[in-house]
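Here the structure is laid out as structure tokens; the discussion comes afterwards.
Lettering follows sequence order; numbering is per chain, from 1.
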Amino acid sequence: MIDPEEYTELVLRCAESVPPGRVTTYGAIAVAVGDVVGGGGPRQVGNVMARHGGPVPWWRVVRSDGTLPSSHQGEALARYREEGTPLKESGVRTRVDLGAAFAEPSLR
DNA sequence: AATATGACTGTCT
DNA sequence: AAGACAGCCATAT
């Protein structure tokens, strides 16, 4: 296993690297970060966001299907409208249009 | 050391 | 389209 601080830092950096109006997924970050430090899965990324996601634009990190984390979807939706993130609306449910908004996370 | 839990994901029903 | 189930991996108790 790697140094937790290192892992956290990389994950947060990926989140910050996502430009306004774009999003990335937990899985993508897990791969990008895991590519460097190894190990880790989407859950670990989510865990890091939960504990240290305060100061970063966590709303630009979504689930693989474009829906938002169980909480915060209301919060995030406001941000998306603010930033002009491509949204796809299926009836009452609103989600991010991954096809248009997905951005590959970079370790900058 | 063992069990439970989580800002996840993919598949099947 | 929406819910159930099962993997996966690190942390917490």
Side-chain angles (χ1 to χ4, degrees):
Chain A
M1 182 170 97
I2 59 129
D3 181 23
E5 283 186 21
E6 188 84 5
Y7 190 84
T8 300
E9 196 176 326
L10 290 173
V11 170
L12 293 183
R13 232 197 278 188
C14 281
E16 285 180 3
S17 75
V18 179
R22 296 287 197 85
V23 298
T24 193
T25 67
Y26 290 96
I29 292 180
V31 171
V33 175
D35 206 38
V36 175
V37 294
R43 308 200 68 141
Q44 180 55 13
V45 175
N47 200 304
V48 170
M49 294 306 263
R51 298 189 308 167
H52 309 274
V56 303
W58 46 263
W59 56 87
R60 295 183 195 148
V61 183
V62 302
R63 294 178 60 155
S64 61
D65 59 352
T67 59
L68 281 85
S70 13
S71 310
H72 308 121
Q73 60 171 328
E75 275 302 312
L77 184 56
R79 303 291 185 178
Y80 293 151
R81 279 204 244 232
E82 210 174 325
E83 298 182 356
T85 305
L87 297 179
K88 186 173 265 190
E89 301 175 27
S90 310
V92 297
R93 195 185 292 283
T94 305
R95 50 193 204 171
V96 177
D97 184 355
L98 278 182
F102 178 77
E104 187 73 22
S106 76
L107 301 152
R108 227 176 351 185

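Both A/Val92 and A/Gly41 sit near DNA chain C, but only A/Val92 has its closest nucleotide nearer the 5' end. If you find the closest nucleotide of DNA chain B to A/Arg63 and to A/Asn47, the one lying nearer the 5' end belongs to A/Asn47.
Atom CD of A/Gln44 is separated from atom C1' of B/dA7 by 12 Å (rounded to the nearest Å). If you measure from atom CG of A/Asp65 to atom P of B/dT9, you get 8 Å, rounded to the nearest angstrom. Note: CZ (A/Phe102) to C1' (B/dT9) measures 14 Å, nearest angstrom. A straight line from CG of A/Leu68 to P of B/dC8 spans 11 Å, rounded to a whole angstrom. Atom CE in A/Met49 sits roughly 12 Å away from atom P in B/dT9 (whole-Å rounding). In this structure, A/Gln73 atom CD and B/dC8 atom P are separated by 12 Å, rounded to whole Å. As rounded to whole Å, 16 Å separates atom P of B/dA7 from atom CG of A/Leu12. Atom OH of A/Tyr26 is separated from atom C1' of C/dC8 by 17 Å (rounded to the nearest Å).
Here the nucleotide nearest the side chain of A/Trp58, chosen from B/dA7, C/dA10, B/dG10, is B/dA7. When distances are taken from the side chain of A/Arg43 to each of C/dA10, B/dG6, C/dA12, the shortest belongs to B/dG6. Among C/dA12, B/dA7, C/dA10, the nucleotide with an atom closest to any side-chain atom of A/Arg51 is C/dA12.
Side-chain contact between A/Leu12 and A/Met49 is present, with heavy atoms from C-beta onward closer than 4.5 Å. At least one side-chain heavy atom of A/Val62 sits under 4.5 Å from a side-chain heavy atom of A/Leu98. By the 4.5 Å heavy-atom criterion applied to side chains, A/Leu107 and A/Arg13 are not counted as neighbours.
For A/Tyr7 and C/dA10, a side-chain-to-base donor-acceptor distance below 3.5 Å is absent, hydrogens and geometry of angles not being considered.
Here A/Ser64 reaches the OP1 or OP2 of B/dG10: one of its side-chain N or O atoms lies under 4.0 Å away.
The structure places SG of A/Cys14 at 11.0 Å from CD of A/Glu9, a figure rounded to the nearest 0.5 Å.
Here the options are A/Val33, A/Val45, A/Thr25, A/Thr24, the test is side-chain contact (heavy atoms from CB on, under 4.5 Å), and the partner is A/Pro105; only A/Thr24 passes.
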